[in-house]
Every structure is written in C-alpha cells, then in structure tokens.
Amino acid sequence: MRPLPILCPEIHGDSGLDGPEGRALLPSGGKLAQPGKAVLHMYSYIMEAFRQGGRLQKVRVICTGALTNVALLVSLYPEVIPRLEVVLMGGAMGIGNTGPVMEFNIQTDPEAAKIVFECGAPVVMLPVELTHTALVTPDILNRISAELADNTPFLQLIKQLLLYFADSYRTVFKFDHPPLHDPCAVAYVIAPELFKVELMRVDVETLSELSAGQTVCDVWHQSSKPKNVGVAQRMDVTRFWDLMINALKAANAVSPLNK
C-alpha cells in the first residue's frame, strides 16, 4: 500500500479552484454527487453510447488527474476496452514537476497508470513538456481582454484562475509565465491536427523508491515491448489559444455569473 495520495494545494489551492487571495473563487453549487460508484456510471455511459452510436464508435475519456477510475473500469469491465480511447494530461518525457522525473497525475497512482497504459486501449499522453508550451503570457491576457470586450464577472474569474499559480511556477520552476495544462487534453480531442503525436513504448515505474510514477518513454524505439502510447510532443500554440479564446467567448455568452 502507498501512503496517502499527494496533494498540490500550492498549484490549485485547497478547494481545487482557488484564486490569488487563497480562497475558493466559486460558491458551493449546493448539489450532492450522484449516488453510486464512479466506475459504474462510466461503464453504463460507455455501453449506452456504444449502443446508440453503432459498433464502430469509441468513447474518448479525457483524464486530467490520476487514472484510478479508468484503471478500475478496464479491470472490472474488460469488455469496454475495445470501445474506449484514453486521452490524458500527465506524465513527463524527462523532468517531472512533483518529483525529479515524476509528474503529479501519474505519481498520485502509478499502478493505475500502468494498468491503463497496458490495457490495450488506445492511449494518448500529453506530457508536461508539451503543456509547458501553453503559457499564459501578458499578450494572451491582453488578447482575452480585447476579444471578450466586457469585463464581466466570468472574465474576471478566468483571469484569476489563469494567474493563480503564476507565483508558484516563477518561484519553483523558474517560469516567467504560468502554463495551462488540462485544456491541452481537451484541445487534442477537438482538434488533433494541432498536435504532433508519436507512438512509442511507455512504461510506468511502480517499484522504485526514487522514481515511482515516472513515465519511461522509449523515444528511440529501442524497447522490444509493443508500442502502447501516443506521446504528444509538439502543439501549434497559436491555434491552441485561438481555440481557447473562442471557447471562452462561448462560455462568457451564457455564464450565469454574468446575470
């Protein structure tokens, strides 16, 4: 058994959506989680989508945290594997962020990542080397302000979220501007043509006391094991921000925060 999972309040705050003042930006929604286990809901949704969409359809699961639930899904219901594609933000080809060679989402549950990577479903990994190119620069903030003309409550919220961990990245990782991680995985599903992806062998270290959670990427294709993960290595950053800003415009038009 591993110790309690690592947390990163310095990145997202205690609530997961903290602002620069160190408290949650959004009020409680007042709703309870759906009853039942997450893996059961995932299985039911995937099977229903498969029935409605025809036998050739696959369901893409976008993962922006630990892969625990997906690992449980493919372990308990292996029949979903041919109907599943996994797109994840996580892993590192070299230097990590919460360990020397470990990225947070994989380090949190290395065994789950190993199960998912080796289950046989198509997997695309967007590592930190790629997400660190999606930088929230002053030019990007100015563009957001210019293209979303009204300084709405929604826009103020977005700016605070985008800048929350700027100081952490500047102090710890020596970044002049903070990166935007999770939307890169969503962008891949919407517009895969923005990314250069290479299929390679990726193994997850689970035994080492020094590097449990490392994603060992066989960049030079020297492994005799089958290639199992498409690793995104480059992204058209300009077009990524075009996509993001269009999404923010659409959200700003309907956000209940602006009422």
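These numbers were taken from a predicted model, which means no experiment stands behind them.
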> Is it true that, when you exclude I95 itself, more than 12 heavy atoms of the residues, nucleotides or ligands shown sit nearer than 6.0 Å to its CD1?
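Open.
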> Closest approach of I140 and L135, non-hydrogen atoms and distance?
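Taking every non-hydrogen atom into account, CG1-O, 3.9 Å.
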> Over all heavy atoms of both residues, which pair between G91 and T215 is shortest? Give the atoms and the distance, please.
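Heavy-atom minimum between the residues: CA-OG1, 3.5 Å.
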> Over all heavy atoms of both residues, which pair between V189 and V87 is shortest? Give the atoms and the distance, please.
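In terms of heavy atoms, the two residues are closest at CG2-CG2, 3.9 Å.
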> What's the separation between atom CZ in R83 and atom CZ in F50, rounded to the nearest 0.5 Å?
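Going from CZ on R83 over to CZ on F50, the span is 4.0 Å.
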> Nearest 0.5 angstrom please: T206 OG1 to I106 CD1, how far?
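It comes to 12.5 Å.
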> Report the C-alpha distance between Q107 and T98 in whole Å, list the side-chain angles of each, state the deciding distance to 0.1 Å, and finish with yes or no for side-chain hydrogen bond (donor to acceptor under 3.5 Å, both in side chains).
CA-CA 8 Å; Q107 187 184 13; T98 49; 2.6 Å; yes
> In terms of hydrophobic clustering (I, L, V, M, F, W, Y; side-chain heavy atoms under 4.5 Å; direct or indirect links), are I46 and V70 co-clustered?
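Both belong to a single hydrophobic cluster.
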> Hey, is R201 close enough to E118 for a salt bridge, meaning N to O under 4.0 Å?
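Yes, this pair counts.
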> Please determine whether a side-chain nitrogen of the Lys or Arg among D109 and K114 lies less than 4.0 Å from a carboxylate oxygen of the Asp or Glu.
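Not counted as a salt bridge, because no side-chain N and carboxylate O are separated by less than 4.0 Å.
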> Could you pull out the closest heavy-atom pair between H177 and V136, with the gap in Å?
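Between these two residues, the closest heavy atoms are CB-O, 3.6 Å.
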> Could you tell me which non-hydrogen atom of L162 sits nearest to which non-hydrogen atom of P178, and how far apart they are?
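Scanning both residues completely, I find the closest heavy atoms to be O-CG, 3.7 Å.
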> When you check the gap from the basic side-chain N to the acidic O, do K58 and E85 get nearer than 4.0 Å?
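No, no charged N to carboxylate O under 4.0 Å.
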> Could you tell me the separation between the CD atom of E103 and the CE atom of M125, rounded to the nearest 0.5 Å?
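These two atoms lie 8.5 Å from each other.
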> With a 4.5 Å cut-off on side-chain heavy-atom distances among I, L, V, M, F, W and Y, is there a chain of contacts connecting M42 to I62?
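No, no single cluster joins them.
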> So does R234 have more than 12 non-hydrogen atoms from other groups sitting under 6.0 Å from CZ?
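Incorrect, the count does not exceed 12.
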> Which heavy atom of V39 sits nearest to which heavy atom of L72, and what is that distance?
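Heavy atoms only, the tightest pair is CG2-C, 3.9 Å.
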> First locate atom CD1 of I190, then atom CD of E193, and finally report the distance between them rounded to the nearest 0.5 Å.
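Interatomic distance, I190 CD1 to E193 CD, rounded to 0.5 Å: 10.5 Å.
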> Determine, using the 4.5 Å side-chain heavy-atom cutoff (strictly less than), whether L67 and M102 are members of one ILVMFWY cluster.
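Different clusters.
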> Output yes when a side-chain donor or acceptor of D176 lies under 3.5 Å from a complementary backbone atom of R170, and no otherwise.
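No; zero donor-acceptor contacts below 3.5 Å.
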> Please work out whether the ring planes of Y43 and Y77 are parallel, tilted or perpendicular, with thresholds of 30° and 60°.
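The arrangement is parallel - the two ring planes meet at less than 30°.
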> Any chance you could lay out the salt bridge (charged side-chain N to carboxylate O under 4.0 Å, His left out) test for D203 and K225, step after step, and finish with the verdict?
CA-CA 10 Å; D203 289 294; K225 296 180 180 180; 3.5 Å; yes
> Nearest 0.5 Å, please: how far is NZ in K227 from CD in E198?
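The NZ atom of K227 is 8.5 Å from CD of E198, to the nearest 0.5 Å.
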> Determine, for E48 against R51, whether the closest basic-nitrogen to carboxylate-oxygen distance falls under 4.0 angstrom.
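Salt bridge between E48 and R51, a charged N being under 4.0 Å from a carboxylate O: yes.
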> What's the spacing between M200 CE and H221 NE2 if we round to 0.5 Å?
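Here the rounded value is 5.5 Å.
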